[in-house]
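Quick notes on the structure that follows.
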Amino acid sequence: MDLLPENLQSFLQHPTISFLRNTTQGQVTAQLANLRSAYVQPYIIDPLSTFLTSTSAAAMPDLLSVFMLVVILFISLKILDYARRLVMFWVMLAFRLVFWGSLIGLGLYVYQVGVENAGRDLGWLWGVTMGFVEDFHTRSGSPAGGWVPGAGSGSGSGKQGNRGGFWG
């Protein structure tokens, strides 16, 4: 037990685990019998048996009707499962096509304009996005101690008021 990590050692020394280790099958059988006599018998089995014996034989459905109901339920669940799998196939196919198409399109863009220009365009897009996020946080009245994008990275203007930019 010395080779186990500390969190597993503390878990294995928990009183519940040690109780389960020391419990014999006879004790478990006695506990389950007590559980059945205290809860299952009076609350589930007895009411169900009185309900089944109180109904008349004419009101009870015949075995063929019950069997047909189970078969119809089984077939309808199989059809619904097939429809779910079919829809999920087409949705996942669409997501895969969009993902791989955008990846190939991005690769073609980088190939056409070059790595340096693509990096410059990515930096411009990142700056525009962070500008919108900063402006949103400024206008939403986020607390001064909250997360401010660009803080510490030197990309912010340092002013929290109206900057006279795109929105002002």
Side-chain angles (χ1 to χ4, degrees), residues 1-25 27-29 31-32 35-36 39-40 43-44 65-168:
M1 196 141 139
D2 294 331
L3 300 175
L4 292 175
E6 185 177 317
N7 58 353
L8 286 178
Q9 288 178 0
S10 63
F11 176 74
L12 290 175
Q13 293 171 351
H14 195 271
T16 305
I17 300 297
S18 62
F19 172 76
L20 289 175
R21 254 193 245 135
N22 297 332
T23 305
T24 63
Q25 186 173 355
Q27 292 171 332
V28 171
T29 305
Q31 292 291 332
L32 289 177
L35 181 71
R36 181 174 189 255
Y39 297 105
V40 175
Y43 295 116
I44 296 175
S65 299
V66 173
F67 179 71
M68 288 299 294
L69 180 67
V70 168
V71 167
I72 290 171
L73 180 68
F74 180 75
I75 291 173
S76 63
L77 288 177
K78 283 291 189 182
I79 291 171
L80 286 174
D81 180 50
Y82 176 72
R84 180 195 59 86
R85 287 188 290 137
L86 188 67
V87 167
M88 287 305 297
F89 168 77
W90 286 108
V91 167
M92 289 305 297
L93 180 67
F95 277 121
R96 285 181 183 145
L97 284 174
V98 167
F99 173 75
W100 288 111
S102 61
L103 202 63
I104 290 172
L106 183 66
L108 285 174
Y109 175 74
V110 170
Y111 178 74
Q112 286 179 352
V113 300
V115 177
E116 185 176 325
N117 288 338
R120 189 177 308 128
D121 290 344
L122 181 64
W124 176 83
L125 186 64
W126 181 258
V128 168
T129 304
M130 287 296 110
F132 280 128
V133 170
E134 274 185 29
D135 191 51
F136 173 75
H137 279 288
T138 302
R139 292 185 181 274
S140 68
S142 64
W147 177 76
V148 177
S153 65
S155 65
S157 66
K159 295 192 277 184
Q160 293 295 326
N162 188 357
R163 294 183 296 215
F166 182 76
W167 297 106

Could you state the interatomic distance from CG (Leu86) to CD1 (Ile79), rounded to the nearest 0.5 Å? 13.0 Å
Leu73 and Leu69, any side-chain heavy atoms less than 4.5 Å apart: no
Should we say atom OH of Tyr109 is surrounded by more than 12 heavy atoms from elsewhere, each under 6.0 Å from it? yes
Step through the shown structure and confirm whether more than 12 heavy atoms of other residues, nucleotides or ligands are within 6.0 Å of CD on Glu116. no
Say you draw a straight line from CE of Met130 to NE2 of His137; how long is it, rounded to the nearest 0.5 Å? 8.5 Å
Using a strict cut-off of less than 4.0 Å between a Lys/Arg side-chain nitrogen and an Asp/Glu carboxylate oxygen, indicate whether Asp81 and Lys78 qualify as a salt bridge. no
Would you call Leu77 and Phe74 a side-chain contact if the rule is heavy atoms closer than 4.5 Å? no
As an exercise, state the distance from CG of Leu103 to CG of Leu108, rounded to the nearest 0.5 Å. 10.0 Å
Working to the nearest 0.5 angstrom, can you tell me the gap between Phe99 CZ and Met92 CE? 11.0 Å
For Asn117 and Val113 the tightest heavy-atom approach is ND2-O, 3.2 Å
